[in-house]
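Chain letters run A, B, ... following the sequence lines, proteins first, then strands; residues in each count from 1. Hydrogens, waters and symmetry mates are skipped; everything else that's a heavy atom, side chains included, is used.
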Number of protein chains: 2
Amino acid sequence: MISGTHFQPSSMSDPKELRSQGLKVTVPRLKVLDLFKHSPDRHLTAEDVYRKLLDEHSDVGLATVYRVLTQFEQAGLLQRTHFEGGKAVYELNEGTHHDHIVCQQCGRVEEFYDAEIEKRQLKVAKERGFTIREHQLHIYADCIKPKCPHRPKD
Amino acid sequence: MISGTHFQPSSMSDPKELRSQGLKVTVPRLKVLDLFKHSPDRHLTAEDVYRKLLDEHSDVGLATVYRVLTQFEQAGLLQRTHFEGGKAVYELNEGTHHDHIVCQQCGRVEEFYDAEIEKRQLKVAKERGFTIREHQLHIYADCIKPKCPHRPKD
DNA sequence: ATAGATGCAAAGGCTTTGCACGAAG
DNA sequence: CTTCGTGCAAAGCCTTTGCATCTAT
């Protein structure tokens with residue numbers, strides 16, 4: 001067999017990660033996973049992914065991007081969130097829970113973790129007889145530092 | 001002038017609330033505001049509002065419901081949130097900030113406020129040079145109490 | 001009288017789906 | 001060779017908008 005499609009550039013993600021999740025190893029899947037692993041932006045929308053793939057002349061359909069993102073989320077490779085604005089945002093699932101603070105100036109996202117906040121959430125839920133399944137804290141804010149990387153060049 | 005439309009049932013909200021916001025006093029607006037003030041559910045989607053108005057034979061178009069909800073939010077009468085599920089949810093704006101815990105069994109929403117959580121959010125934002133504009137904590141959970149009102153009858 | 005509100009239907013934005021073709025195991 | 005993935009176009013869902021008509025002030 002003369003492998004054409006089995007060629008794997010150094011930048012490509014490890015096929016094992018896909019196989020171990022019962023997913024066939026395909027070019028679109030490798031490219032998408034790769035994007036999340038190497039892109040400077042941790043948080044990407046389906047549109048972002050689609051555009052980045054177009055930029056590198058990978059001919060992947062938008063529908064496929066949506067399907068792959070969904071599958072990756074179900075496989076636990078990615079995590080999905082919704083910020084204000086309606087679009088779903090995906091990020092690599094690295095196992096560690098964190099919350100988000102979103103700059104309203106430029107849309108960039110910073111992550112943070114505060115043990116006390118987590119603790120109190122558990123307390124609140126417990127007091128009310130709930131078992132937490134998932135929780136998301138989104139802070140929408142403006143950066144006030146003049147040299148803040150979030151502030152668009154002025 | 002023989003006023004037909006100026007009739008105001010006792011259940012209707014106070015027109016002043018609308019006027020003070022520069023909004024003309026109309027039947028759809030009074031009915032919507034009234035719904036939020038007297039409905040057993042604090043949290044309603046546009047569709048919810050539309051259906052409830054249909055139920056009471058108020059002929060209000062869905063587009064109008066959307067417009068009124070948007071205006072009320074801008075006027076500070078209502079607050080909008082998005083829970084998982086894509087639909088926007090509105091509630092009366094009573095000035096006090098609170099977070100939400102959503103039962104995954106039945107979709108009901110409970111509100112809570114925890115001073116410590118609020119404090120830590122301010123701290124986190126400040127440390128990173130942000131001014132908080134808005135923040136939302138959504139906990140998605142399951143109720144574990146057998147007699148919990150959230151649990152659908154079993 | 002006049003600015004503003006409403007209803008309807010059409011359009012928009014994001015996401016999902018049906019189907020025929022193509023690739024992976 | 002069989003199962004699954006892909007691309008395209010069409011459809012879905014929630015929400016917004018254009019336009020002619022109607023209403024509050």
Tell me which of A:T26 and B:V25 sits closer to the 5' end of DNA chain D, going by the nucleotide each one is nearest to.
->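 Residue closer to the 5' terminus by nearest nucleotide: A:T26.
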
**Prompt:** Considering only heavy atoms and no angle criterion, is a donor-acceptor pair shorter than 3.5 Å present between the side chain of A:K24 and the base of C:dA23?
**Reply:**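 Donor-acceptor pair under 3.5 Å: no.
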
For nucleotides 12-21 of chain D, 5' to 3', base contacts (B), sugar-phosphate-only contacts (S) and non-contacts (-) with protein non-hydrogen atoms under 4.0 Å give --SBBBB---

*Can you list the residues that meet the ring pair (Phe, Tyr, Trp, His ring centres under 6.0 Å) rule with A:H135, with sequence neighbours excluded?*
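Partners of A:H135 under the ring pair (Phe, Tyr, Trp, His ring centres under 6.0 Å) test: A:H97.
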
- Query: For the rings on A:H138 and B:H138, is their centre-to-centre separation under 6.0 Å?
  - Reply: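 No: the rings miss the under 6.0 Å criterion.
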
### Task
Decide if the gap between the ring center of B:Y90 and the ring center of B:H43 is smaller than 6.0 angstrom.
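Here the rings of B:H43 and B:Y90 have centres that are no less than 6.0 Å from each other.
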
From [atom1] of [X] over to [atom2] of [N], roughly how many Å is that when rounded to an integer?
{"X": "A:Y50", "N": "D:dG7", "atom1": "OH", "atom2": "P", "answer": "9 Å"}
{"X": "B:R29", "N": "C:dG7", "atom1": "CZ", "atom2": "P", "answer": "11 Å"}
{"X": "A:L18", "N": "D:dG5", "atom1": "CG", "atom2": "P", "answer": "11 Å"}
{"X": "B:L33", "N": "C:dA5", "atom1": "CG", "atom2": "P", "answer": "15 Å"}
{"X": "A:D59", "N": "C:dG22", "atom1": "CG", "atom2": "P", "answer": "15 Å"}
{"X": "B:K16", "N": "D:dT25", "atom1": "NZ", "atom2": "P", "answer": "14 Å"}
{"X": "B:L69", "N": "C:dT6", "atom1": "CG", "atom2": "P", "answer": "11 Å"}
{"X": "A:Q71", "N": "D:dG5", "atom1": "CD", "atom2": "C1'", "answer": "8 Å"}

A:D59 atom CG, neighbour heavy-atom count above 12 within 6.0 Å:
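For A:D59, atom CG is not crowded (no more than 12 foreign heavy atoms under 6.0 Å).
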
_Can you tell me if B:R51 has over 12 outside heavy atoms packed within less than 6.0 Å of its CZ?_
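Count not over threshold, so no.
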
**Item:** Full working for side-chain hydrogen bond (donor to acceptor under 3.5 Å, both in side chains) between A:E73 and A:Q71
**Value:** CA-CA 5 Å; A:E73 196 211 353; A:Q71 292 159 346; over 6 Å; no

